[in-house]
Amino acid sequence: MKYYVMTLFPEMIEEGMNTSILGRAMKEGLIELETKNIRDYTLDKHLKVDDYPYGGGAGMVMEAEPVYRCYEAICSEAGEIPRVVYLTPQGSVFHQEMAKELAAEENIIFLCGHYEGIDERVLEEIVTDNVSIGDYVLTGGELPAMVMMDAIARLVPGVLNNEDSVETESFSEGLLEYPQYTRPTEILGREVPEVLLSGHHENIRKWRQEQSEQRTRDRRPDLYKKWLEENL
């Protein structure tokens, strides 16, 4: 899998992605990352990529032309027309099933806007997926892009050392993950649940399932209702 990120701040993406599990995955060639600075595709001698909005209003709008040139360069390099994810609070809210779907792609372009947004004409021309990571507004699309790349990369075979963790973590089966414990067996006056020390795998499985259901019911009743409808 290769991520292309169209951005005004490539260093922000590179510094954020080149660490921990994702950094290791890139070193091992399991995923690739290439940032494209949209300013490199403007014809303006001052590298200007924004202008005042038609009709007036606050702020500036990113111009269509440099964005489109950047997109064309990526398509030429990739040898195909990849899906283009535009990070916007007006998009569909990102979720685990969307991450699974995108993990099957060979190439993905993430388009990061800034200022008051991007000229609508280029968005209509190139964007395949408008995606939001939540009902709030950020200063740009870089952080949402990194959130999505992290979630997607974890589903690429080989990125995680323990492949089982993908199947048991929150949202994988429609429920939140059960609570986890490690040594020592007692700390802060609290003990590890006895069933986890029993070595009885079936009892542990049942306990974890019960905990997942209870935790989802208490913390995310919306998810629990959906899970009940699909499983009962």
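Everything numeric here is computed off the predicted structure, so don't read it as measured data.
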Under the side-chain contact (heavy atoms from CB on, under 4.5 Å) criterion, do Val61 and Tyr52 qualify, and how do the steps go?
CA-CA 6 Å; Val61 176; Tyr52 294 103; over 6 Å; no
Would the number of heavy atoms belonging to other residues, nucleotides or ligands and lying under 6.0 Å from CG of Leu197 be above 12?
yes
Common cluster, Ile118/Leu143, ILVMFWY with side-chain heavy-atom separation under 4.5 Å:
yes
Quick test of your reading of the model: are Glu34 and Lys2 salt-bridged, counting only N-O distances below 4.0 Å?
yes
Lys36 side chain reached by Val5 side chain, heavy atoms, under 4.5 Å:
no
Minimal non-hydrogen separation, Ala145 against Cys112, with atom names
CB-SG, 3.9 Å
Roughly how far, to the nearest 0.5 Å, is the CE atom of Met146 from the CG atom of Leu87?
10.0 Å
Is any side-chain heavy atom of Met149 closer than 4.5 Å to a side-chain heavy atom of Leu33?
yes
By the definition side-chain contact (heavy atoms from CB on, under 4.5 Å), identify the one residue from Glu105, Met98, Met1, Lys100 that meets it with Ile152.
Met1
Looking at His46, is its backbone amide N or carbonyl O close enough to the side chain of Asp44 to form a donor-acceptor pair, meaning the two atoms are under 3.5 Å apart?
yes
Kindly work out whether a path of hydrophobic side-chain contacts (I/L/V/M/F/W/Y, heavy atoms less than 4.5 Å apart) joins Val93 to Tyr86.
no
Inter-residue atom distance Asn203.CG - Ser198.OG, 0.5 Å rounding:
6.0 Å
CD1 on Ile74 to CD on Glu80, rounded to 0.5 Å:
11.5 Å
Check whether more than 12 heavy atoms from other residues, nucleotides or ligands sit under 6.0 Å from atom CG of Asp135, and answer yes or no.
no
Step through the shown structure and confirm whether more than 12 heavy atoms of other residues, nucleotides or ligands are within 6.0 Å of CD on Glu72.
yes
With no hydrogens and no angle check, is any side-chain donor or acceptor of Arg39 less than 3.5 Å from a backbone partner on Leu47?
yes
Test Glu97 against Glu101 for side-chain contact (heavy atoms from CB on, under 4.5 Å), laying out the working first.
CA-CA 6 Å; Glu97 288 303 314; Glu101 178 189 337; over 6 Å; no
Pairwise distance CG(Leu43) to CD(Glu63) - rounded to 0.5 angstrom
9.5 Å
Ring centroids only, cut at 6.0 angstrom: are Tyr3 and Phe110 within range, meaning strictly under it?
yes
Do Leu155 and Gln96 have side-chain heavy atoms sitting under 4.5 Å apart?
yes
Sub-4.5 Å side-chain heavy-atom contact between Ile109 and Val85
no
After noting the C-alpha distance and the side-chain angles of Leu223 and Leu176, does the key distance pass the side-chain contact (heavy atoms from CB on, under 4.5 Å) rule?
CA-CA 9 Å; Leu223 286 180; Leu176 301 182; 4.1 Å; yes
Does Glu229 CD have over 12 foreign heavy atoms under 6.0 Å away?
yes
Looking at Thr42 and Lys48, would you say the former's side chain and the latter's main chain have a donor-acceptor pair under 3.5 Å?
yes
Heavy-atom side-chain proximity of Thr128 to Arg83 below 4.5 angstrom
yes
Salt-bridged, Arg205 to Glu202, with N to O below 4.0 Å?
yes
Lys/Arg-Asp/Glu bridge criterion (N-O < 4.0 Å) met for Arg121, Glu125:
no
Report yes or no: does Asn231 contribute a side-chain atom to a donor-acceptor pair with the main-chain N or O of Trp227 at less than 3.5 Å?
yes
Would you confirm whether Ser20, through its side chain, and Leu22, through its main-chain N or O, come within 3.5 Å as a donor-acceptor pair?
no
Report whether Tyr4 and Tyr41 are members of the same hydrophobic cluster (ILVMFWY, side-chain heavy atoms less than 4.5 Å apart, transitive linking).
no
With no hydrogens and no angle check, just 3.5 Å: does a side-chain donor-acceptor pair link Gln90 and Asn130?
no
To the nearest 0.5 Å, atom OH of Tyr68 lies from atom CG of Asp119 at 13.5 Å
Single-linkage hydrophobic cluster, 4.5 Å side-chain cutoff, Leu196 and Tyr178 together
no
Where do Glu116 and Ala58 come nearest, in terms of heavy atoms and distance?
CG-O, 3.2 Å
Got a sec: does the OH of Tyr181 have more than 12 other heavy atoms crowding it under 6.0 Å?
yes
Donor-acceptor under 3.5 Å (Ser212 side chain, Leu175 main chain):
no
Please examine the side chains of Glu191 and Thr185, heavy atoms only from C-beta on, and report whether any two atoms are closer than 4.5 Å.
no
Are side-chain N/O atoms of Gln214 and Glu210 paired as donor and acceptor at under 3.5 Å?
no
Given the rule in the side-chain contact (heavy atoms from CB on, under 4.5 Å) test, do Val67 and Leu111 qualify, once you have shown the distances and angles that lead to the verdict?
CA-CA 9 Å; Val67 172; Leu111 173 56; 4.1 Å; yes
Any idea which heavy atoms bring Gly199 and Ile204 closest together, and the distance?
N-CD1, 4.3 Å
Sub-3.5 Å donor-acceptor pair from the side chain of His200 to the main-chain atoms of Val195, do we have one?
no
Tyr136 OH: over 12 foreign heavy atoms closer than 6.0 Å:
yes
State, with a plain yes or no, whether a side-chain heavy atom of Leu8 is found less than 4.5 Å away from one of Met62.
yes
Min side-chain heavy-atom separation Glu186-Val192 under 4.5 Å:
no
Are Val84 and Ile81 connected, step by step, through hydrophobic side chains (Ile, Leu, Val, Met, Phe, Trp, Tyr) whose heavy atoms are closer than 4.5 Å?
yes
When rounded to the nearest 0.5 angstrom, what distance separates CD in Glu142 from OG1 in Thr35?
10.5 Å
